[in-house]
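Being a predicted model, the structure only gives us computed values, none of them experimental.
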Protein chains: 4
Amino acid sequence: MDHKSIAPEKRASIGARRNPATEEAILEAAEALLRESGLAGFSIEAVARRARAGKPTIYRWWPNKTKLLLDVYQRLKLKMEAVDTGAIEEDCVQFLLGLFAYWSAGPGQVFRSIFAEAQSDEASAAALRDYAANRRQHSAKMFERAIARGELRADSSPVIAAEVIAAFAWSRLLTGRLDADEADLRAVVRQMVGGMRA
Amino acid sequence: MDHKSIAPEKRASIGARRNPATEEAILEAAEALLRESGLAGFSIEAVARRARAGKPTIYRWWPNKTKLLLDVYQRLKLKMEAVDTGAIEEDCVQFLLGLFAYWSAGPGQVFRSIFAEAQSDEASAAALRDYAANRRQHSAKMFERAIARGELRADSSPVIAAEVIAAFAWSRLLTGRLDADEADLRAVVRQMVGGMRA
Amino acid sequence: MDHKSIAPEKRASIGARRNPATEEAILEAAEALLRESGLAGFSIEAVARRARAGKPTIYRWWPNKTKLLLDVYQRLKLKMEAVDTGAIEEDCVQFLLGLFAYWSAGPGQVFRSIFAEAQSDEASAAALRDYAANRRQHSAKMFERAIARGELRADSSPVIAAEVIAAFAWSRLLTGRLDADEADLRAVVRQMVGGMRA
Amino acid sequence: MDHKSIAPEKRASIGARRNPATEEAILEAAEALLRESGLAGFSIEAVARRARAGKPTIYRWWPNKTKLLLDVYQRLKLKMEAVDTGAIEEDCVQFLLGLFAYWSAGPGQVFRSIFAEAQSDEASAAALRDYAANRRQHSAKMFERAIARGELRADSSPVIAAEVIAAFAWSRLLTGRLDADEADLRAVVRQMVGGMRA
DNA sequence: GGGTAATCGAGACGGTACGTCGTGTCTTTCC
DNA sequence: GGAAAGACACGACGTACCGTCTCGATTACCC
């Protein structure tokens, strides 16, 4: 099962410093396991086996499973770009479509695992909170632009809007309902941003 | 609600049928463990120990951890009633305040655990989906009443509104941010329902 | 696996007294299980299943597993007949060949189980000792006849000879080496009885 | 022989190789349990508890209960030396006397357990067969020496003689009759080796 | 001939042990 | 001093039996 794509080459020490190839192999293996079997298949033993690494090597650099999970996610999360179509409703729909497509391709499983972990591990929860706040700031820009061009009311809150749209996306991810078509999303978005219109 | 830490009395078989006292003791123990230490402390062994039950007795009635989890939650959720203040915004705010208070009192930890479990177990995910759809139908009624009395536009969707407000509540629960004050919630609600106003 | 030959008919109570059909079915099932899978497959649960009996019914009549084992053995052990060819060596060879064939057909497994049980249960050990002494007296007759006809020395001991030949047979049974051919046995017998010759 | 009831000190790993202290503690605990309560009290769980070892540690080195049992016995039997009095009959008597005394001191209980185990577990049976064959080769030397010095006939078989004498000893052990006096044993031996005399 | 009493199958119960898996720590050997 | 290797104590997993229990039903016996 997990012998599908084991790192073939064996990496020895490269002296008294961290071997980047090892770090890379470990993160790669961890991500692959998460994508393939989710949090259930994600164990330090399995990662070590697949990355041809020793368990202590993993524990040297990541104090526990959760930290490794978070690092896997860090590597992943810098891809999504905000769109700017000039119309806020269209921006939101494209944002959701892009996000759902991105998640469906694999990273969604990793993100789900972070959520799962965060429910019992406070460090993960804090990391997730930080990340979410950060993303909120980022996608709030979409609404700020719409306010600036007079499409949305000046007294509406970009941050609240960003939170609500993120919450909606998460709820779909976490309940395994990423297969929404554009029309559905458009209906949701229209209702969500309707109250902000100038 | 009196938390005797370990079930003291010993329960024998009451014949060739399920012993309700045993079922009760197991659910009680499971709930207590979840409230106290979350999903991490929730193991079949621990439940058995605390309920003074044999492991096989648990496995006889609950095929896996998740089913037990769901049963614990089912047993819990008989409280929440929809409010009807006559103003949709007020309804939503009271709904969220009530929900957050309810979750904060303990059940939130159980619900979080179900979400965590659902991220790697498809059966749990399906159960969670069913439950969520059910709740959605239920809280959609709040918006239907507002449409009926002409407060909200006739072409707005109660189900979408219910999903969005639930998604928001979940996102706060799952990221450990249930400590919102009324003003914050009111701002969020105003923006969420603004687009539905007649 | 064990549904091979379950007692088909269901036996109800026949009033306030022991049902002989039940006792018979239980002993039958126990023996069959022992023959098929040895002591490992011999569990009260399995016996009850196979005999279509309730566990308490078994425990009512046999205080524990060992007693049931002994009863199974009691039913079995009255079959072997001594041969008399007129030549002691031939008698012994035929005795061993017959015994090995008899054991190989099934009863050997039951006997082995008694030996196993006797190593940790003193009651079984005592029963086994009694039985062995009895058998010794019985097969000593073979040597007495040989002494009587002058084939063996008058000062040789039939009981010792019986013990030695039984010990040899047991050692083969208990180490699973019943597949000896006649020539091998003859060599052993010749050496065993050689010292007794007139 | 000082029986500290539970190994007090905790043993960690000593690197990627077997820890002899752990092995020792496990064998020690296993032996103690066998001596105290026989096969009935001998469970992997109990051994692990007493030796302060993890169950997986035991299973890592001993694939099953039986192998552990055999190793306990191996560790025990470093005493018995073949005697060489120059007379085969005396050799045999001393051999049996020594063996019975040795067994009576404790190891007999262990060996009985091995026999019990071998009656339902084929792996144990095979191990026991191997061990027995080995011992047979070893004690056959006693007879080879006697043949060499012309005391026994050249065409007699040392291996058969070794098997027969071992079988006799086993039968006494397994039926709990180790309390034979020298005269009895001498009578048995005389009859057993009589047929081999030159 | 109706009540009582012991029997029967059935199967749930609290336990103990099984053998496997994963966690996070530890140490040695090689580079 | 980093890295692979893998042993270690621990504890949860899900399963099998143990011996005890309580039921509801089925008779025979006694009054």
Side-chain angles (χ1 to χ4, degrees), chain A residues 10-19 21-23 26 42-48 51-65, chain B residues 10-19 21-23 42-49 51-61 63-65, chain C residues 10-19 21-22 42-49 51-61 63-65, chain D residues 10-19 21-23 42-49 51-61 63-65:
Chain A
K10 179 172 168 178
R11 298 167 311 281
S13 169
I14 56 168
R17 67 188 201 281
R18 188 169 187 169
N19 184 340
T22 293
E23 180 179 5
I26 289 169
F42 178 72
S43 71
I44 297 290
E45 299 247 341
V47 172
R52 272 198 186 295
K55 272 203 293 176
T57 303
I58 299 183
Y59 280 107
R60 193 187 331 273
W61 303 113
W62 292 274
N64 51 49
K65 204 163 131 163
Chain B
K10 183 167 172 179
R11 302 166 309 279
S13 166
I14 56 167
R17 68 190 201 282
R18 189 168 189 170
N19 185 340
T22 292
E23 180 179 6
F42 180 71
S43 71
I44 298 288
E45 298 244 344
V47 172
R49 255 193 314 271
R52 266 197 183 295
K55 269 200 293 176
T57 300
I58 300 184
Y59 282 108
R60 189 175 355 258
W61 302 115
N64 51 51
K65 211 158 126 165
Chain C
K10 180 172 167 178
R11 300 166 310 281
S13 168
I14 57 168
R17 67 190 203 284
R18 188 168 189 169
N19 185 340
T22 293
F42 178 72
S43 71
I44 297 289
E45 299 248 341
V47 173
R49 235 173 357 246
R52 268 198 187 292
K55 273 202 293 175
T57 303
I58 300 183
Y59 281 109
R60 194 184 337 267
W61 304 116
N64 52 50
K65 207 162 128 161
Chain D
K10 183 169 171 180
R11 300 166 312 278
S13 165
I14 57 167
R17 67 190 203 284
R18 189 168 189 167
N19 184 342
T22 293
E23 180 178 6
F42 179 73
S43 71
I44 298 288
E45 298 246 345
V47 172
R49 254 194 315 271
R52 264 196 184 293
K55 270 201 292 177
T57 301
I58 300 183
Y59 283 108
R60 183 171 6 254
W61 301 115
N64 50 51
K65 207 157 130 168

Indicate whether OP1 or OP2 belonging to F:dA4 is found under 4.0 Å from a side-chain N or O atom of A:Thr22.
yes
Grab the CH2-P distance between C:Trp61 and E:dA6 for me, whole Å please.
11 Å
Heavy-atom nearest nucleotide on DNA chain E taken for C:Arg18 and for B:Arg18; more 5' hit belongs to C:Arg18
From CZ of C:Arg52 over to C1' of E:dC8, roughly how many Å is that when rounded to an integer?
14 Å
Phosphate-side-chain proximity, B:Thr57 and E:dA12, N/O vs OP1/OP2 below 4.0 Å
no
Taking atom C1' of E:dT4 as reference, at what distance in whole Å does atom CZ of C:Arg17 sit?
16 Å
Does A:Arg60 put a side-chain nitrogen or oxygen below 4.0 Å from OP1 or OP2 of F:dA3?
yes
For nucleotides 20-26 of chain E, give me one character per nucleotide, 5' to 3': B if any protein heavy atom sits under 4.0 Å from the base, S if the only such contacts are to the sugar-phosphate, - if neither.
BBBBBBB
Taking side chain to side chain donor-acceptor pair (under 3.5 Å) as the definition, give me every residue that meets it alongside C:Lys65, ordered by chain and number, with sequence neighbours left out.
none
Any side-chain heavy atom of C:Tyr59 within less than 4.5 Å of one from C:Ile44?
yes
Non-hydrogen atoms of C:Gly54 and C:Ala48 that approach each other most closely:
C-CB, 4.4 Å
side-chain contact (heavy atoms from CB on, under 4.5 Å) partners of C:Thr57, counting only residues at least two apart:
C:Thr22, C:Ile26, C:Arg60, C:Trp61
Could you tell me how far apart B:Arg11 (CZ) and F:dC23 (P) are, to the nearest whole angstrom?
16 Å
Looking at C:Arg11, C:Arg18, C:Arg17, which one forms a side-chain contact (heavy atoms from CB on, under 4.5 Å) with C:Ile14?
C:Arg17
Would you mind reading off the distance between D:Ile58 atom CD1 and F:dG11 atom C1', rounded to a whole angstrom?
14 Å
